[in-house]
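Just so we're on the same page: letters track the sequence lines, and every chain starts at 1. Only heavy atoms go into these numbers, but all of them, side chains included; no hydrogens, no water, no symmetry mates.
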2 protein chains.
Amino acid sequence: MNGGTATNGEGAVSKPPPTPSPLRSSKYTTAKMRILITGGAGFIGSHLVDRLMEEGTNEVIVADNFFTGTKENLKRWMGHPNFELIRHDVTEPLLVEVDQIYHLACPASPIFYKHNPVKTIKTNVMGTLNMLGLAKRVGARILLTSTSEVYGDPLEHPQKEEYWGNVNPIGVRSCYDEGKRVAETLMFDYHRQHGVEIRIARIFNTYGPRMNIDDGRVVSNFIAQALRGEVMTVQAPGTQTRSFCYVSDMVDGLMKLMRGENTGPINIGNPGEFTMLELAEAVKELIAPEASYKITENTPDDPRQRKPDITKATKLLGWAPTVSLHQGLPLMAADFAERLGVERKTD
Amino acid sequence: MNGGTATNGEGAVSKPPPTPSPLRSSKYTTAKMRILITGGAGFIGSHLVDRLMEEGTNEVIVADNFFTGTKENLKRWMGHPNFELIRHDVTEPLLVEVDQIYHLACPASPIFYKHNPVKTIKTNVMGTLNMLGLAKRVGARILLTSTSEVYGDPLEHPQKEEYWGNVNPIGVRSCYDEGKRVAETLMFDYHRQHGVEIRIARIFNTYGPRMNIDDGRVVSNFIAQALRGEVMTVQAPGTQTRSFCYVSDMVDGLMKLMRGENTGPINIGNPGEFTMLELAEAVKELIAPEASYKITENTPDDPRQRKPDITKATKLLGWAPTVSLHQGLPLMAADFAERLGVERKTD
């Protein structure tokens, strides 16, 4: 009945998903699947494009406004007959005939999403509305990359999907946190109201090649600072924890969720937990033994700890991360070194 | 720094409010104030119109789409030279030259806001965006009626404004709860980003004449059932509590907030707490001694208790409710009896 725990909304589903027409009855089983990826020029999006293109049986359409994504991330596929890139801002409607929509479009790093908080909310709300409208219109399945930020500064640890979160509605991070929460609401309302097939992934911190070098995230910060010979800046107190998922694991989880039968929300992330100080030490050990770090002031509402409970992903999707932080950090550092034009002393 | 308690966002305000032009330098002190009320044909909105019109020094413009509001509520002012009524849906932009905006427009009763959840979110998000855009453009001060629903099923009792809430992001009530939370976010982002003068009231259950008779809210349900000679239906378990604020007190609080110097959010509500069973008993005693009640099934995510901490309203606005439930219920019943065409046996 009522209570402090979540209902996932499943009980209220009254309409069945639309019956596939004979013309496209094979759309979730065999080739050729037409797949739209919003934000596909970004960090995670471009790795997802790689995987889907490498399967050889998909047509991939990327829609991106290039606010944080780059064409550089997709140069490998430019000109490929199964690939198309559209300059498009999801706050405007888009009509393309596709079978699946991976809706990733949104600045995900605080320095970018705080740049224009109102635009961040519009991207989450109108962007998700537009993509849901498209999914409804063409009968596509849609996956939203929500975020561990919906848990805010969690009072439960690790975070299960049933946890409702502890989010400041009026703080400087709220545009992203509340924007993603209401995007989830919209997904479920379209599911209940219109029978749209939805998938929601709550993705936790992800790292790997192609991250924006100067986006202010802790892994990219530390690696860039270490490679540049700068002092790594650890936000106080340094004992706050994060879990870091390597991007290939993340992409694998998103694809399993899209292709499975569960709406979610499902946490996708690596439960391995590290303090900021441990991360700095790992960067020092693996990438730049001569590096040093200092403690700096923190930003408002920075969560003290965040760690996914991935029981659902493991049970329902058969997914678990396979790349450890000690394996992933050097792969990311190699990419950063190349882009920064830095010769690595440890190579 | 970081933490489990709220920052109210005040620390991040970097821009001063726009300087009033000489043409309108007196806009917050003397006549003639031009005031827009969205949702002004609704229950609380129309009482606010009455008060502002009775002051005699205001021009009042009401914008309403009449989804839950009625012209009947405003008939007293039709044709008055200081009054104007516009049929307008706030999900579309509106441009009128005003000094203050009371932004009330949104279905507030579960049976109405669940009717079309996607529209409810659009009303909260695009409606608030449009009104903030108007406030920015014409230099108006804007007050949002947020809601105690932003606290969800609260784990703290009574609720202070600093409490971040316990809200299900994907339930059947989320369209309203999360919609209002993100409306608050938008208000603060416009305040921080554009210097718009904002006021946020978190209003708790309100009752009085002109409530929709069949809107499914507990006070109107009980009174209508009692007057019709039906059995009052108390949702299980009946021990869940609510606080009920008489509408004249609510309007007084909103006006004090608008005219004061605090952005809020500030709780406006009556801290007197009643269980549903006590309310049914009060209706029986005051309105229909022969009435009876039965326990019925509850709706998902119905909060178990809700009670405002009004310390801020008292200290900052000098406001406190003055009408008790035992005074207010008979006033509401008289209005309901007239509209239902019921002759009251206790008169």
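- Counting heavy-atom pairs closer than 4.5 Å to chain B, the top residue among A:Pro154, A:Gly165, A:Pro169, A:Gly152 is A:Pro169.
- Exactly one of A:Thr120, A:Ile170, A:Ile121 qualifies for a side-chain contact (heavy atoms from CB on, under 4.5 Å) with B:Thr185. That residue is A:Ile121.
- Contacts between A:Val167 and chain B at a heavy-atom distance below 4.5 Å involve backbone atoms as well as side-chain atoms.
- Contacts of A:Asn124 with chain B are absent, with no heavy-atom separation under 4.5 Å from either backbone or side chain.
- For the options B:Glu184, B:Arg181, B:Met187, heavy-atom pairs under 4.5 Å to chain A are most numerous at B:Arg181.
- With a 4.5 angstrom heavy-atom cutoff, B:Lys180 does not touch chain A via any of its atoms.
- When heavy atoms are compared at a cutoff of 4.5 Å, B:Leu129 approaches chain A solely by way of its side chain, counted from C-beta outward.
- Residue A:Gly171 comes nearest to B:Arg192 through the heavy atom pair O-NH2, 2.9 Å, listed as atom of the first residue, atom of the second, then distance.
- Contact between A:Trp164 and B:Asn166 at its shortest, heavy atoms only, is CE3-O, 3.2 Å.
- Heavy atoms only, all atoms of each residue included: A:Cys175 and B:Asp189 are closest at CB-OD2, 3.5 Å.
- Residue with the most contacts toward chain B among A:Ile200, A:Val182, A:Leu132, A:Val150: A:Val182 (heavy-atom pairs, distance under 4.5 Å).
- Distance check, rounded to the nearest 0.5 Å: NZ of A:Lys114 to CD of B:Gln193 gives 13.0 Å.
- Residue B:Val125 touches chain A through its side chain alone, counting heavy-atom pairs closer than 4.5 Å.
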